[in-house]
Amino acid sequence: MSEATTTDLYEVTMAMSYLREGMTGPATFSLFVRDLPPERGFLVAAGLESALDYLSGLRVGPEDIDAFAAALHRPPRDLQPLLGLEFTGDVRAVPEGRIVLAGEPLLEVTAPLPQAQLVETYVLNQLSHQTAIASKAARCVLAAAGHPVVDFSLRRAHGPQAGFQAARLGAMAGFAGTSNVAAATALGIPAVGTMAHSYIEAFATEEEAFRAFARCHPGPVTLLVDTYDTEEGIRVAARVLRDLDRGPGSAVRLDSGDLGALAARARSILDSVGLPEVRVIASGGLDEYAVDDLVRSGAPIDTYAVGTRVGVSADAPYLDSAYKMVEYDGRPVMKLSSAKVTAPGPKQVFRRTAYADVIRLADEQSPGDGSPLLETVMRGGQRTGGRTTLDACRERLAADLAGLPRAARRIRNPVAPRATASEHLSALARRVRRHIDEQTSAPYARPVSP
């Protein structure tokens, strides 16, 4: 059984019906976020690489047919029209690391209708989750104001895959490292870590624990100092580091309590014994809000370790995202449901100064005062280029953040820029709406008499 079965059942039932009805013309679906979550001034496009991996490898095999048949309680022969289905379409998308706004397409798929429909669930899942996490991570980097941020999220992430993605997205946002060994190895990013409280508790005293740890690890070490009395733990750590001449590159980690006050005390103690080069690391339920408060207070913290709240985007764990058909077989379509109206036709977004973005129809002439965001990343079911690198994603994000209005960068009460629709797009929406209204208001045909 392949990833083709990682889909909602109704995608399968619709694809079957399309095939039965001979509806295999090209369809364009647009993936976008209707509205930003509260306390978000921007989103960071992410998840595209995962989506492209899925699309390029999609093929419905015999085991998938058996799974679909079992789910529908139908004989496998009824599902045979889906056997061998592959993705042969085109994809235009915003590259990972670019900043996007509400209503702007992150991705548009154009493919034979059954294909474009069947891939909805997986593609939507990957872009929605990863965009949410990348946006949270980028805000942590902004809050840290130049101090290193590292990822400690794996142990409470929503599964190993989500933990891996969080490490990758943190690196994309500019994190300095991750505790996730698998991610660090696969992605070529620094692995970071210290010790747990259980390690300290396994020894008779903190000092024995610190000295044993240092004996095992001859280079710089980071000592966790809040298992018992934090201030005493700092003093013991300072004594061990000084005695062993382990100052350069070493650190003490604070994981609980009033981190600002404890960091100030740690800095004072370390400096007083001639260890100004020993860093102070803070962890323990941190996210961009806590980091922002600590930075603004002037806390002498060198590195921030963020975990659970960032790895699950705790304050905004989902996006109001959608994957909606905007054209079928050359006919623009739109949805008119209350509060869920969509705009018809394939689109392009033009980024202008101060994020005065304009959403235009894909075939509209360039306005001349903006650069297009969506790029063709897949044609005929094949990638148009190689995999994007973390360095490239990181550079895109840094450049986009530099041009983002200050109000949108704020951690609290941000003001998000709003994209506008071009006149041609607005006019098309009016025409399609008028046509739909005319069709739905036409009198019903009189039933045939028995």
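This is a predicted model, so every value here is computed, not measured. Heavy-atom basis, side chains included; hydrogens, waters and symmetry copies ignored.
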Test: salt bridge (charged side-chain N to carboxylate O under 4.0 Å, His left out). Region: residues 43-55. Which pairs qualify, not counting sequence neighbours? Glu49-Arg383, Glu49-Arg387, Asp53-Arg383, Asp53-Arg387
If you measure only the distance, is there a donor-acceptor pair under 3.5 Å linking the side chains of Arg253 and Thr194? yes
Indicate yes or no: at least one non-hydrogen side-chain atom of Arg410 is less than 4.5 angstrom from one of Val415. yes
Leu224 versus Val252: any side-chain heavy-atom pair under 4.5 Å? no
Main-chain N/O of Ser256 paired with Asp226 side-chain donor or acceptor, under 3.5 Å: yes
Applying salt bridge (charged side-chain N to carboxylate O under 4.0 Å, His left out) as the test, list every pair that has at least one member in residues 131-149; sequence neighbours left out. Lys136-Asp287, Lys136-Glu288, Lys136-Asp315, Arg139-Glu288
I want to check something: taking the side chain as every heavy atom from C-beta on, are Gln115 and Thr88 in contact at a cut-off of under 4.5 Å? yes
Could you list all the side-chain hydrogen bond (donor to acceptor under 3.5 Å, both in side chains) pairs where at least one residue sits in residues 299-310, not counting sequence neighbours? Arg156-Thr308
Which pairs pass side-chain hydrogen bond (donor to acceptor under 3.5 Å, both in side chains) with one or both residues in residues 166-176, sequence neighbours excluded? Glu96-Arg168
State whether a side-chain donor-acceptor pair under 3.5 Å links Tyr54 with Gln126. no
Residue list, side chain to side chain donor-acceptor pair (under 3.5 Å) with Asp66, at least two apart or on another chain: none
Is a side-chain N or O of Ser268 found less than 3.5 angstrom from the main chain of Arg265, in a donor-acceptor match? no
Between Arg409 (side chain) and Leu401 (backbone), is there a donor-acceptor pair under 3.5 Å? yes
Taking Ser2's backbone N and O only, do any of them form a donor-acceptor pair with Asp64's side chain (distance below 3.5 Å, no angle check)? yes
Is the side chain of Arg246 donor-acceptor paired with the backbone N or O of Ala214 at a distance under 3.5 Å, no angle test? yes
Should the pair Asp357-Arg352 be classified as a salt bridge under the 4.0 Å nitrogen-to-oxygen rule? no
Ignoring hydrogens, what is the shortest heavy-atom contact between Leu361 and Gly345? Give both atom names and the distance. CD2-CA, 4.3 Å
Distance only, no hydrogens: is a donor on one side chain within 3.5 Å (strictly under) of an acceptor on the other, for Glu108 and Thr28? no
Any salt bridge (charged side-chain N to carboxylate O under 4.0 Å, His left out) pairs touching residues 114-131, not counting sequence neighbours? none
Might you confirm whether atom CD of Glu208 has over 12 heavy atoms from other residues, nucleotides or ligands at distances under 6.0 Å? yes
Say whether, by atom type as modelled, one donor and one acceptor occur between the side chain of Ser426 and the main chain of Glu423 under 3.5 angstrom. no
Could you tell me if the side chain of Lys324 sits less than 4.5 Å from the side chain of Phe29, heavy atoms only? no
Using the side chain to side chain donor-acceptor pair (under 3.5 Å) criterion, which residues pair with Ser321? Sequence neighbours excluded. Ser128
Among Arg433, Arg34, Lys335, side-chain contact (heavy atoms from CB on, under 4.5 Å) partner for Val341: Arg433
Would you check if the side chain of Thr131 reaches a backbone N or O of Ala46 as a donor-acceptor pair within less than 3.5 Å? yes
Distance-only side-chain donor-acceptor flag, Thr121 / Asp8, under 3.5 Å: yes
Determine yes or no for a side-chain-to-main-chain donor-acceptor pair under 3.5 angstrom, with Ser337 supplying the side chain and Lys340 the backbone. no
Quick test of your reading of the model: are Asp243 and Arg211 salt-bridged, counting only N-O distances below 4.0 Å? yes
Roughly how far, to the nearest 0.5 Å, is the OG1 atom of Thr178 from the CG atom of Leu154? 7.5 Å
I'd like to know if the side chain of Arg360 and the backbone of Glu364 have a donor-acceptor N/O pair within less than 3.5 Å. no
Matching residue for Glu104 among Arg418, Lys347, Arg351 - test: salt bridge (Lys or Arg N to Asp or Glu O under 4.0 Å): Arg351
Any heavy-atom pair between the side chains of Pro405 and Tyr355 that's under 4.5 Å? yes
Looking at Arg394 and Asp391, does any basic side-chain N land under 4.0 Å from a carboxylate oxygen? yes
Below 4.5 Å, heavy atoms only, C-beta onward: do Val221 and Leu223 meet side chain to side chain? yes
Under 3.5 Å, is there a donor-acceptor pair linking the side chains of Ser153 and Asp151? yes
My understanding is that only residues two or more places apart in sequence, or in another chain, count here; which of them pass ring pair (Phe, Tyr, Trp, His ring centres under 6.0 Å) with Phe203? Tyr199
Where do Ala138 and Val44 come nearest, in terms of heavy atoms and distance? CB-CG2, 3.9 Å
To the nearest 0.5 Å, how far apart are CG in Leu259 and OG in Ser283? 7.5 Å
Within the supplied structure, the quantity of interest is the number of heavy atoms (other residues, nucleotides, ligands) at a distance under 6.0 Å from His197 NE2; does it exceed 12? yes
Tyr323 versus Val119: any side-chain heavy-atom pair under 4.5 Å? yes
Might you confirm whether atom CD of Glu201 has over 12 heavy atoms from other residues, nucleotides or ligands at distances under 6.0 Å? yes
Test of understanding: with side chain to side chain donor-acceptor pair (under 3.5 Å), list the residues that count as partners of Thr388, not counting sequence neighbours. Arg396
Taking side chain to side chain donor-acceptor pair (under 3.5 Å) as the definition, give me every residue that meets it alongside Arg215, ordered by chain and number, with sequence neighbours left out. none
side-chain contact (heavy atoms from CB on, under 4.5 Å) partner of His129, chosen from Gln165, Gln161, His158: Gln165
Could you give me the CA-CA distance, side-chain angles and deciding distance for Phe210 and Arg239, then say whether side-chain contact (heavy atoms from CB on, under 4.5 Å) is met? CA-CA 10 Å; Phe210 292 161; Arg239 182 168 62 250; over 6 Å; no
Side-chain donor-acceptor pair under 3.5 Å between Gln130 and Ser50, yes or no? yes
Identify each donor-acceptor pair in which a side-chain atom of residues 181-190 lies under 3.5 Å from a protein atom, sequence neighbours left out, and give them as a table.
{"from": "Thr185", "atom 1": "OG1", "to": "Val181", "atom 2": "O", "distance (Å)": "2.9"}

Donor-acceptor contacts, no H, no angles, side chain residues 374-381, under 3.5 Å, sequence neighbours left out:
none

I would like to know whether His147 and Val295 meet side-chain contact (heavy atoms from CB on, under 4.5 Å); could you show each step before the answer? CA-CA 9 Å; His147 297 282; Val295 170; 4.2 Å; yes
Leu43 and Val33: side-chain contact (heavy atoms from CB on, under 4.5 Å), yes or no, with the steps? CA-CA 9 Å; Leu43 294 176; Val33 177; 3.8 Å; yes
Please report the shortest heavy-atom distance between Ala4 and Arg59, naming the atom on each side. CB-O, 4.4 Å
Passes salt bridge (Lys or Arg N to Asp or Glu O under 4.0 Å), Asp229 versus Arg235? Steps please. CA-CA 10 Å; Asp229 178 271; Arg235 293 184 184 282; over 6 Å; no
Please tell me if the side chains of Val358 and Val349 come closer than 4.5 Å, counting only heavy atoms from C-beta onward. no
